[in-house]
Q: 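The structure's right below; bear with me while I get my questions together.
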Amino acid sequence: MYKAVAICIIGLSLSGCDILEELVHPSPTDPEAKIDSGFKDQAAQLGLSEAVINRLCTATKKIETHCINVVNANNVREVKVEYTMEEAVISNGNAKSYNVSRVVFHLETDDSASKVFFENSRTYKQDNGYSYTWTEPEGYDVANLVLSSDSENPIALANMTTIDAISTSELSEIAYTELSNDEYKLVAGAEIMDDISIVEFPSLTYVLTADGETEEEDTSFAMYTGGHANILGNFAPVIADAIEQVWY
């Protein structure tokens, strides 16, 4: 599927992309969520209704859903729903960025409050002969939840990142933020969740050079918001309904 996406961006027509995707990785007509054993019982015990659980545990053609019930390495049970948007490959000029977005709704456990976790994972790669440098721009420590009702006044949250220079031609950046019941109570949390249109994770200042010459800024490194917009467009209302049932 990812190979098909990359090839399509390089130059095939839209109809050609659709056909090739089906050949490389056939998509089911009705995608099914992965649901761990005992998830529905655990979620019900934590306060979710059967109707909301069933709505949470659905999938779409482009969004994978995993309803998770697991005891982690710290011997704490995690009950959560994870939505992952398929990889988006942005290609322009001499580089590409590979982008994967996730939204995870955590139910409350003995270890932590209920929260909604937003993550954007990006890998930057450039062609042979190019090197890169990167810096954190001003405001890089803030991620914004942009609201449909008031786009000029987003909810500012801490942007937590892990940056790894994998090689001289590849850089990995993982950024995440969270909306937690510790900071936002039931009404505010549900209203915000139902109103989020996009999540803005600031982009690194990423510069390509070749033979000592600096290349023009490449749009491959521009802010990517499409993944979260798709997930939220499908699942923000039901997550908001779930918050109304389990936050306080």
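Residues: numbered from 1 along the sequence shown. Everything numeric here is computed off the predicted structure, so don't read it as measured data.
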Q: Indicate the atoms forming the closest heavy-atom contact of Arg102 with Glu82, along with that distance.
A: NH1-OE1, 2.5 Å
Q: Should Val104 and Phe118 count as side-chain neighbours, where that means a heavy-atom distance under 4.5 Å?
A: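 No, every pair of side-chain atoms sits at 4.5 Å or beyond.
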Q: Ignoring hydrogens and angles, tell me if any N or O in the side chain of His228 forms a donor-acceptor pair with the backbone of Glu119 under 3.5 Å.
A: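 Side chain of His228 to backbone of Glu119, a donor-acceptor pair under 3.5 Å: yes, one is there.
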Q: Are the side chains of Phe117 and His106 in contact, using a 4.5 Å heavy-atom criterion?
A: yes
Q: Spell out, as yes or no, whether a donor-acceptor pair under 3.5 Å connects the side chain of Thr65 to the backbone of Ala33.
A: no
Q: Tell me whether Val187 shares a hydrophobic cluster with Leu179, the cluster being built from Ile, Leu, Val, Met, Phe, Trp, Tyr side chains joined at under 4.5 Å.
A: yes
Q: Glu173: what forms a salt bridge (Lys or Arg N to Asp or Glu O under 4.0 Å) with it, not counting sequence neighbours?
A: none
Q: Please give me the minimum heavy-atom distance between Gly227 and Tyr224, naming the atom from each residue.
A: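 Residues Gly227 and Tyr224, closest heavy atoms: N-OH, 3.1 Å.
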Q: Between Ala113 and Asp182, which heavy-atom pair has the shortest distance, and what is it?
A: CB-OD1, 3.4 Å
Q: Looking only at non-hydrogen atoms, find the nearest pair between Phe201 and Asn120 and report the distance.
A: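 Closest approach of Phe201 to Asn120: CD1-CB, 3.7 Å.
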Q: Please identify which of these residues, Glu78, Glu108, Glu178, meets the salt bridge (charged side-chain N to carboxylate O under 4.0 Å, His left out) condition with Lys115.
A: Glu178
Q: Where is the tightest heavy-atom contact between Ile63 and Thr60, given as atom of each residue plus distance?
A: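 Nearest heavy atoms, Ile63 then Thr60: N-OG1, 3.0 Å.
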Q: Find out whether Leu107 and Leu48 are in side-chain contact, i.e. whether some heavy atom of one side chain is under 4.5 Å from a heavy atom of the other.
A: yes
Q: Report the C-alpha separation of Asn99 and Ile90 in whole Å, then their side-chain angles, then the decisive distance to 0.1 Å, and conclude whether the side-chain contact (heavy atoms from CB on, under 4.5 Å) test is met.
A: CA-CA 8 Å; Asn99 305 270; Ile90 305 172; 3.6 Å; yes
Q: Where the side chain of Gln126 meets the backbone of Ser169, is there a donor-acceptor pair that is under 3.5 Å apart?
A: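 Judged by distance alone, yes, a pair lies under 3.5 Å.
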Q: Show me the donor-acceptor pairs, under 3.5 Å and distance only, between side chains in residues 229-248 and residues at least two apart or in other chains.
A:
| unit_1 | atom_1 | unit_2 | atom_2 | d |
| --- | --- | --- | --- | --- |
| Asn230 | ND2 | Gly226 | O | 2.8 |
| Asn234 | ND2 | Asn230 | O | 2.8 |
| Asp241 | OD2 | Arg55 | NH1 | 2.9 |
| Asp241 | OD2 | Arg55 | NH2 | 3.2 |
| Gln245 | OE1 | Ser49 | N | 2.8 |
| Gln245 | NE2 | Ser49 | OG | 3.1 |
| Trp247 | NE1 | Ser114 | OG | 2.7 |

Q: Locate the shortest heavy-atom distance separating Lys185 from Asn181; write the atom from each residue and the value.
A: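 Shortest heavy-atom contact: NZ-O, 3.2 Å.
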Q: Centre-to-centre under 6.0 Å for His66 and Tyr83, is that the case here?
A: no
Q: Assess the side chains of Lys80 and Asn69: does a donor N or O sit below 3.5 Å from an acceptor N or O?
A: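 Looking only at side-chain atoms, Asn69 and Lys80 do not form any donor-acceptor pair under 3.5 Å.
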Q: I need the Cys57 SG to Glu32 CD distance, nearest 0.5 Å.
A: 12.0 Å
Q: Any chance you could measure Asn94, atom CG, to Thr209, atom OG1, to the nearest 0.5 Å?
A: 11.0 Å
Q: Roughly how far, to the nearest 0.5 Å, is CD1 of Ile68 from NZ of Lys34?
A: 8.0 Å
Q: If the plane angle is over 60° it's perpendicular, under 30° parallel, otherwise tilted; pick one for Phe221 and Tyr206.
A: tilted
Q: Let me confirm one number: the OG1-CH2 distance from Thr205 to Trp134, rounded to the nearest 0.5 Å.
A: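 Result: 10.5 Å between the selected atoms.
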Q: Could you tell me whether the side chain of Thr135 reaches within less than 4.5 Å of the side chain of Leu204, counting heavy atoms only?
A: no
Q: Answer yes or no for Lys96 and Tyr124: cation-pi contact, defined as NZ/CZ to six-membered ring centre under 6.0 Å and angle to ring axis within 45°.
A: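 Verdict for Tyr124: no cation-pi partner in Lys96.
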Q: Is the CG atom of Asn72 crowded by more than 12 outside heavy atoms at less than 6.0 Å?
A: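 Yes, the 6.0 Å shell around CG holds more than 12 heavy atoms from other groups.
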Q: Counting only heavy atoms from other residues, nucleotides and ligands, does the tally under 6.0 Å from OH of Tyr132 exceed 12?
A: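 Yes.
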Q: Which side-chain N or O atoms in residues 145-165 pair as donor and acceptor under 3.5 Å with protein atoms at least two apart or in another chain?
A:
| unit_1 | atom_1 | unit_2 | atom_2 | d |
| --- | --- | --- | --- | --- |
| Ser148 | OG | Asp195 | O | 3.4 |
| Ser149 | OG | Asp195 | OD2 | 2.4 |
| Asp150 | OD1 | Asn153 | ND2 | 3.1 |
| Asp150 | OD2 | Asn153 | ND2 | 3.1 |
| Asn159 | ND2 | Tyr140 | O | 2.7 |

Q: When rounded to the nearest 0.5 angstrom, what is the spacing between OH in Tyr184 and CE in Met193?
A: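 Rounded to the nearest 0.5 Å, the OH-CE separation comes to 13.0 Å.
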Q: Measure the CZ-CE distance between Arg122 and Met223 for me, rounded to the nearest 0.5 Å.
A: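 So the CZ of Arg122 and the CE of Met223 are separated by 9.0 Å.
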